[in-house]
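Remarks on the structure that follows.
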There are 2 protein chains.
Amino acid sequence: MQAEIISCGTELLLGQISDTNATYLAQSLAVLGIDLYYVSQVGDNQRRIVETLRRAWSRSDLIIMTGGLGPTEDDLTREAISELMGERMQIDSQLEVDLRARFTRLGMGMPERNLKQATLIPSAQSLPNPIGSAPGWFVERDGHIIVAMPGVPREMFRMWEEQVILCLQKYTGGLIFTRILRVYGIGETTVEERLGELVHMTNPTVATYVKSDAVDVRISAKAEQREVAEQLVAGVVQQVRDVLGDAIFGEGKITLLEIVGKLLNERGWMLSVMESLTGGLLASMITDVSGSSSYFVGGFVTYATELKAQMGVPREVLKGYGAVSEETARAMAHAVRMQLKTDVGLGITGVAGPILQEGKPAGTVHIAVEGPKGVVTGQSIGGRGDRRDNKRHSTLTALNLLRKYLED
Amino acid sequence: MQAEIISCGTELLLGQISDTNATYLAQSLAVLGIDLYYVSQVGDNQRRIVETLRRAWSRSDLIIMTGGLGPTEDDLTREAISELMGERMQIDSQLEVDLRARFTRLGMGMPERNLKQATLIPSAQSLPNPIGSAPGWFVERDGHIIVAMPGVPREMFRMWEEQVILCLQKYTGGLIFTRILRVYGIGETTVEERLGELVHMTNPTVATYVKSDAVDVRISAKAEQREVAEQLVAGVVQQVRDVLGDAIFGEGKITLLEIVGKLLNERGWMLSVMESLTGGLLASMITDVSGSSSYFVGGFVTYATELKAQMGVPREVLKGYGAVSEETARAMAHAVRMQLKTDVGLGITGVAGPILQEGKPAGTVHIAVEGPKGVVTGQSIGGRGDRRDNKRHSTLTALNLLRKYLED
């Protein structure tokens with residue numbers, strides 16, 4: 001099966017956004033074993049979209065489109081597909097009901113122009129969009145498939161992962177079984193070095209991918225039968241676990257946050273945090289997880305040094321060791337744990353950057369976890385990039401320290 | 001002049017890298033006033049590159065290629081251009097001397113296969129590469145131009161900025177001037193409705209773009225002279241300001257966060273926050289801005305209701321009105337302002353979701369700002385999506401309320 005991606009949107013051709021959707025889809029197609037030969041970006045112009053689509057139809061089995069499903073006059077993906085297919089767009093009554101209900105839930109009236117988001121053509125079935133107003137289209141005719149998805153990345157990701165991949169399964173022939181091991185605390189190069197010859201195998205294949213919250217090690221095998229592929233993968237998973245040990249924090253899509261939440265719940269422990277350089281990001285990431293109120297009460301964002309003292313860090317520690325020090329991190333963990341009466345307290349302090357603080361470079365971070373098992377500390381020295389990178393890296397380092405504390 | 005970008009590299013089609021070169025070139029072309037209608041990515045396959053190139057030649061005046069100029073068998077850009085033009089690649093003696101000298105400087109012998117990096121065709125002139133081994137090609141024939149540059153972004157950037165733009169100057173004639181107005185608090189559809197006929201103009205053009213933190217209204221005009229384009233844009237900017245009023249928070253790339261920081265600095269006011277459903281995200285976004293310590297001391301993440309009481313929200317307010325209420329938001333703003341002794345206190349409480357809280361749906365949010373000018377409150381009812389969306393939307397709504405408070 002040969003695939004082709006067409007990304008629609010004048011904003012791409014003006015360089016206002018990068019086509020990260022195409023990158024994501026390309027990765028996913030590679031894993032599915034579907035060949036991708038062409039990617040095109042085209043502006044919001046029906047003639048040019050149809051021209052690009054017509055060529056894709058002539059040379060590819062699967063055409064994946066993103067963007068152009070909004071309600072405005074510039075959103076022309078539905079119109080272009082209809083023109084190519086010679087089929088007329090008609091309002092689908094169920095889609096209209098769903099769309100109007102969505103606007104009602106949001107407490108607004110639906111602008112009439114949104115109605116075109118409730119249309120279909122005879123060859124298209126609708127792909128529901130649980131987090132946006134634009135449903136997708138799955139069009140099948142004459143041995144070709146056109147998938148049209150929204151351009152908003154998180155809407156597209158979800159539609160692709162939850163719906164489109166399932167619809168495509170019957171075409172991908174042979175089947176690929178994949179497991180992903182998630183690694184934190186060692187870099188991609190170190191991971192690859194430890195994996196050694198494993199990365200040169202052909203079935204299963206072992207590959208590493210740097211994600212924003214982990215290095216993923218992906219083990220994929222292809223076979224006619226699922227059981228065979230599963231067994232091939234299982235053997236290699238064990239080998240990878242042997243060489244990477246507890247740097248692996250989980251499997252699949254699980255995040256450090258989910259692991260930490262699960263471990264806290266299992267122990268029945270409540271957590272509080274006092275954070276400085278991360279400025280609220282640690283608490284925010286923890287509360288991104290639904291159900292986090294069962295193990296997280298909240299915390300203090302002590303961005304100003306004076307506020308650390310006000311919240312219980314002894315002034316002699318701040319003066320003697322500096323606000324960016326292991327001792328201050330320990331005192332923060334202790335103070336928040338005592339004040340908020342939780343089982344576990346976590347303190348994190350450091351330099352977000354871009355300028356030095358107390359002579360320490362951006363990216364310097366000290367972390368302490370205090371709980372029923374005593375205290376552990378961790379640190380990371382040297383920046384990874386800008387403020388946001390440093391905040392994110394520091395937050396993940398803290399979560400990884402907490403994960404190891406809870407696991408042991 | 002119509003341009004088209006062709007990016008070569010199988011790594012793009014495997015999703016291993018994103019095509020940031022195309023984004024960069026697209027931005028640059030927009031500024032130069034050169035229309036870009038198509039961008040394509042194609043793998044390292046000569047037949048497919050030539051096919052893509054031939055089509056581009058038939059419809060575009062300027063074809064910009066990146067990638068495929070390395071020394072390996074997979075690097076086929078030169079070969080593809082030669083095939084299209086029907087011209088033979090020949091080693092250029094000066095290029096060969098330069099290339100061998102480069103390897104000598106690096107203390108290595110030159111592998112013979114690198115020799116193809118010293119080739120030209122009769123219609124091509126060489127574009128020196130001061131930081132890599134691959135020179136570019138500037139091909140001019142029959143009223144068409146092909147520019148071939150390396151795929152390594154920093155090599156490409158430099159070749160483009162220092163050489164290609166100069167070569168193109170004689171063709172560009174006319175230039176585009178753009179201003180962007182940033183809007184928060186009303187949706188894209190409402191923005192478009194209020195803009196009415198403005199969105200149908202042709203010079204200047206007015207277009208709306210949904211960003212994660214705003215709706216952008218972009219006004220662009222084309223003219224021979226910059227002053228003329230500027231004037232055309234200025235007139236329409238005024239019309240857009242008239243219809244959108246204080247929903248416009250800024251211009252260009254500025255963010256709500258930067259505006260809020262600037263306004264706080266101007267007034268010399270310090271800010272503290274007490275946040276519930278946003279779980280630290282508000283503080284985290286504020287501290288994403290470098291220099292935020294000059295107006296932000298920190299705050300409390302009072303995720304658990306009990307913690308709100310512990311941090312100074314009267315229990316009778318929590319009991320009488322509920323944790324998710326305007327009264328609680330007011331009490332949070334007041335409590336954090338008093339406890340942390342700041343000029344301005346902001347309280348935000350609501351339901352992140354997915355489940356109801358106190359019978360209120362996910363996405364319900366109450367915000368209060370208390371400061372030297374008294375108290376203002378804001379609210380938003382009904383969810384936009386998942387927890388993260390609700391948190392992000394709530395945080396931006398809080399910043400927008402704070403912005404209006406500080407502006408008035």
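Given the structure is predicted, the values throughout are model-derived calculations rather than measurements.
At a 4.5 Å heavy-atom cutoff, the contact between Thr52(B) and chain A is made by side-chain atoms alone. Contact of Val273(A) with chain B is not made at all, since no heavy-atom distance falls under 4.5 Å. For Leu12(A), the part sitting under 4.5 Å from any heavy atom of chain B is the backbone (N, CA, C, O) and nothing else. Residue Leu307(A) touches chain B through its side chain alone, counting heavy-atom pairs closer than 4.5 Å. With a 4.5 angstrom heavy-atom cutoff, Met311(A) touches chain B only via side-chain atoms. Using a 4.5 Å cut-off between heavy atoms, Glu306(B) makes no contact with chain A at all. Within the 4.5 angstrom heavy-atom criterion, only side-chain atoms of Tyr209(B), from C-beta onward, approach chain A. With a 4.5 angstrom heavy-atom cutoff, Thr302(A) touches chain B only via backbone atoms. Only the backbone of Ile17(B) comes within less than 4.5 Å of a heavy atom in chain A; its side chain stays farther off. Neither the backbone nor the side chain of Ser276(A) comes within contact range of chain B, judged by heavy atoms closer than 4.5 Å. Only the side chain of Asn114(A) comes within less than 4.5 Å of a heavy atom in chain B; its backbone stays farther off.
Taking CG of Asp288(B) as the start and CZ of Arg392(A) as the end, the distance is 11.5 Å to the nearest 0.5 Å. Rounding to the nearest 0.5 Å gives a distance of 11.0 Å between CD1 of Ile131(A) and CZ of Arg388(B). Rounded to the nearest 0.5 angstrom, Gln41(A) CD and Thr23(B) OG1 are separated by 8.0 Å.
In this structure, Ala26(B) and Gly15(A) approach most closely via the heavy-atom pair CB-N, 3.4 Å. Nearest heavy atoms, Arg387(A) versus Ser292(B): NH2-OG, 3.8 Å. Residues Tyr303(B) and Phe296(A) come closest through the heavy atom pair CD2-O, 3.8 Å. In terms of heavy-atom proximity, Lys391(A) sits nearest to Thr287(B) at NZ-OG1, 2.9 Å. Between Ser284(B) and Gly280(A), the shortest heavy-atom contact is CB-C, 3.7 Å.
Counting heavy-atom pairs closer than 4.5 Å to chain B, the top residue among Pro111(A), Ala30(A), Ala3(A) is Pro111(A). Of the listed residues Ser290(B), Ser40(B), Ser293(B), the one with more heavy-atom pairs under 4.5 angstrom with chain A than any other is Ser290(B). Your options are Ala352(B), Ala304(B), Gly187(B), and the one with the most heavy-atom pairs under 4.5 Å with chain A is Ala304(B). Of the listed residues Glu188(B), Arg218(B), Glu193(B), the one with more heavy-atom pairs under 4.5 angstrom with chain A than any other is Arg218(B). The residue among Val297(A), Val289(A), Thr20(A) with the most heavy atom pairs within less than 4.5 Å of chain B is Val297(A). In terms of heavy-atom pairs under 4.5 Å with chain B, the best-connected choice from Leu282(A), Leu340(A), Thr278(A) is Leu340(A).
Few gaps surround CZ on Arg59(A); more than 12 heavy atoms of other groups in view lie less than 6.0 Å from it. Within a 6.0 Å sphere centred on CD of Gln2(A), heavy atoms belonging to other residues, nucleotides or ligands number more than 12. Counting non-hydrogen atoms of neighbouring residues, nucleotides and ligands closer than 6.0 angstrom, the CZ atom of Arg55(B) exceeds 12 such neighbours.
Neither side chain, Gln310(B) nor Gln339(A), offers a donor N or O lying under 3.5 Å from an acceptor on the other. Side-chain atoms of Glu51(B) and Tyr38(A) form a donor-acceptor pair, as typed in the model, at a separation below 3.5 Å.
Within the 4.5 Å cutoff, no side-chain heavy atoms of Ser18(B) are placed close to those of Ser18(A). Considering only heavy atoms from C-beta on, Gln27(B) stays 4.5 Å or farther from Leu14(A) through its side chain. Side-chain contact check for Leu13(B) versus Val39(A): some heavy-atom pair is nearer than 4.5 Å.
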- prompt: Passes side-chain contact (heavy atoms from CB on, under 4.5 Å), Glu73(A) versus Glu192(B)? Steps please.
  reply: CA-CA 10 Å; Glu73(A) 291 175 14; Glu192(B) 285 210 350; over 6 Å; no

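With salt bridges taken as basic N to acidic carboxylate O contacts below 4.0 Å, one links Asp389(B) and Arg154(A).
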